[in-house]
**Q** 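What follows is a single structure, and I will ask about it in a moment.
Both ligands and their constituent atoms are indexed starting at 1 by order of listing.
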Amino acid sequence: MFSHNKRLQYTVRVAEPNPALASLLLEQFGGPDGELAAAMRYFTQGLAEEDPGRKDLLLDIATEELSHLEVIGSIVAMLNKGAKGDLAEAALEEAELYKSLTAGGNSHTQSILYGGGPALTNSSGVPWTAAYIDSRGDPTCDLRSNIAAESRAKIIYERLIAITDDPGIKDALGFLMTREIAHQKSFEKALYSIADNFPPGRLAGVAPYDSLYVNASTGPGDTQGPWNSGPEWETTDESDMTRSADGGEGTAEVKLPADQMKTVEAMMLRTASDPNSDPLTGADLGAGAVIDD
Ligand code: MN
Ligand code: MN
């Protein structure tokens with residue numbers, strides 16, 4: 001069960017209203033790398049998790065992400081507080097109000113449609129969607145996804161910190177950013193606490209394809225690194241690119257039942273092209289005379 005502690009996880013001190021900044025901060029409220037997405041990602045993973053350690057970790061972090069959602073949403077609400085009142089009471093001259101709400105981002109949408117409250121959208125006003133959650137129900141897949149999600153959240157906070165000089169907001173965003181670093185560390189430790197974590201799942205890869213680097217490009221610029229060369233790697237050469245990897249025909253086949261075979265043949269006959277034809281087309285008719293100069 002959940003219970004609500006009225007204190008925020010981190011104190012929010014906003015120096016002055018700024019609807020345009022509020023709309024940019026929505027990226028971490030209702031955006032793909034934002035706090036609601038993080039909370040829902042770990043909450044749903046945690047409910048299905050059988051390992052007691054991972055279940056505890058996922059539900060702890062999911063709950064903390066909701067606390068982050070509360071912090072970032074409160075910053076947005078403080079930044080919009082003035083605009084909310086101005087709009088509700090039509091306090092300014094129309095032109096002044098228009099100017100204050102259209103200063104940048106989607107702050108006008110936030111004010112007109114959502115009344116100045118934190119909306120579950122990204123910074124461009126795109127509504128939050130469960131499609132942001134990419135869990136697959138396998139711990140080594142999902143932990144890797146979580147590590148990537150935390151690193152994305154960290155970078156978005158870093159960018160938001162770079163666009164505000166409000167010390168209170170910088171401070172709170174710095175806390176939220178730092179917590180994502182801690183989460184990334186926890187998820188990495190949890191991943192490597194699974195003895196056999198690579199490749200994901202139960203099946204091993206098929207040799208030699210699991211250590212084959214396909215050098216799929218020609219021309220200058222081929223570069224060697226630990227990602228494609230060394231004792232772990234075989235590399236294809238140019239002639240390999242003209243053959244199938246399995247040494248087979250490289251064709252695609254299927255055995256069809258006789259009645260389906262008939263319909264496919266009928267279709268092929270009906271739509272066959274005649275390589276000896278030279279048809280007159282609309283393009284030919286409309287081309288006009290060739291101008292020679
Ligand atoms: Mn967070
Ligand atoms: Mn996090």
Side-chain angles (χ1 to χ4, degrees), residues 2-14 21-49 51 53-79 118-123 126 128-137 139-164 166 168-193:
F2 289 90
S3 88
H4 185 250
N5 182 326
K6 292 186 188 63
R7 271 191 299 274
L8 294 170
Q9 194 190 9
Y10 199 86
T11 308
V12 167
R13 284 198 191 85
V14 174
L21 179 61
S23 77
L24 292 172
L25 292 184
L26 283 185
E27 198 56 46
Q28 288 302 76
F29 192 71
D33 301 326
E35 301 295 353
L36 182 65
M40 293 302 105
R41 179 179 294 117
Y42 311 142
F43 183 62
T44 50
Q45 287 176 20
L47 291 183
E49 183 55 73
D51 180 82
R54 280 197 299 273
K55 190 181 189 80
D56 184 40
L57 173 69
L58 286 163
L59 292 177
D60 277 343
I61 297 184
T63 307
E64 184 182 351
E65 303 293 16
L66 286 176
S67 304
H68 296 177
L69 186 72
E70 190 179 27
V71 170
I72 192 85
S74 298
I75 298 173
V76 169
M78 294 306 104
L79 286 168
L120 282 172
T121 69
N122 75 356
S123 58
V126 178
W128 188 85
T129 162
Y132 293 154
I133 314 302
D134 53 8
S135 308
R136 294 295 177 265
T140 66
C141 284
D142 290 347
L143 286 168
R144 286 189 168 89
S145 172
N146 299 352
I147 290 162
E150 292 294 340
S151 70
R152 293 194 300 265
K154 193 272 179 184
I155 287 298
I156 300 295
Y157 275 122
E158 192 169 310
R159 291 174 184 166
L160 290 173
I161 289 167
I163 57 163
T164 176
D166 183 320
I169 295 178
K170 261 192 185 333
D171 184 40
L173 294 182
F175 169 78
L176 296 174
M177 179 193 77
T178 303
R179 293 304 302 152
E180 316 308 13
I181 298 170
H183 293 166
Q184 182 172 343
K185 277 162 55 177
S186 288
F187 286 134
E188 294 222 17
K189 293 287 184 190
L191 173 62
Y192 293 104
S193 301

**Q** With 2.8 Å as the limit, jot down which protein N, O or S atoms are around the Mn ion (ligand 2).
**A**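 Listed by chain and number, the atoms are Glu65 OE2, Glu150 OE1, Glu150 OE2, Glu180 OE1, His183 ND1.
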**Q** Run the salt bridge (charged side-chain N to carboxylate O under 4.0 Å, His left out) test against Glu64 and tell me which residues pass, sequence neighbours left out.
**A**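 With sequence neighbours excluded, Glu64 shows a salt bridge (charged side-chain N to carboxylate O under 4.0 Å, His left out) to Arg179, given in chain and number order.
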**Q** If I compare all heavy atoms of Arg136 with all of Asp142, which pair ends up nearest, and what's the gap?
**A**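 What the structure gives for the nearest pair is N-OD1, 2.6 Å.
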**Q** Can you see which heavy atom on Asn122 is nearest to which on Gly31, and at what distance?
**A**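 Smallest interatomic distance, heavy atoms only, reads CB-CA, 3.7 Å.
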**Q** How close do Ile147 and Phe187 get, counting heavy atoms only, and between which atoms?
**A**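 Nearest heavy atoms, Ile147 then Phe187: CG1-CB, 3.7 Å.
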**Q** Passes side-chain contact (heavy atoms from CB on, under 4.5 Å), Thr121 versus Trp128? Steps please.
**A** CA-CA 5 Å; Thr121 69; Trp128 188 85; over 6 Å; no
**Q** Inspect the contact between Lys154 and Glu158 and indicate whether a charged nitrogen and a carboxylate oxygen are less than 4.0 angstrom apart.
**A**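 Lys154 and Glu158: salt-bridged.
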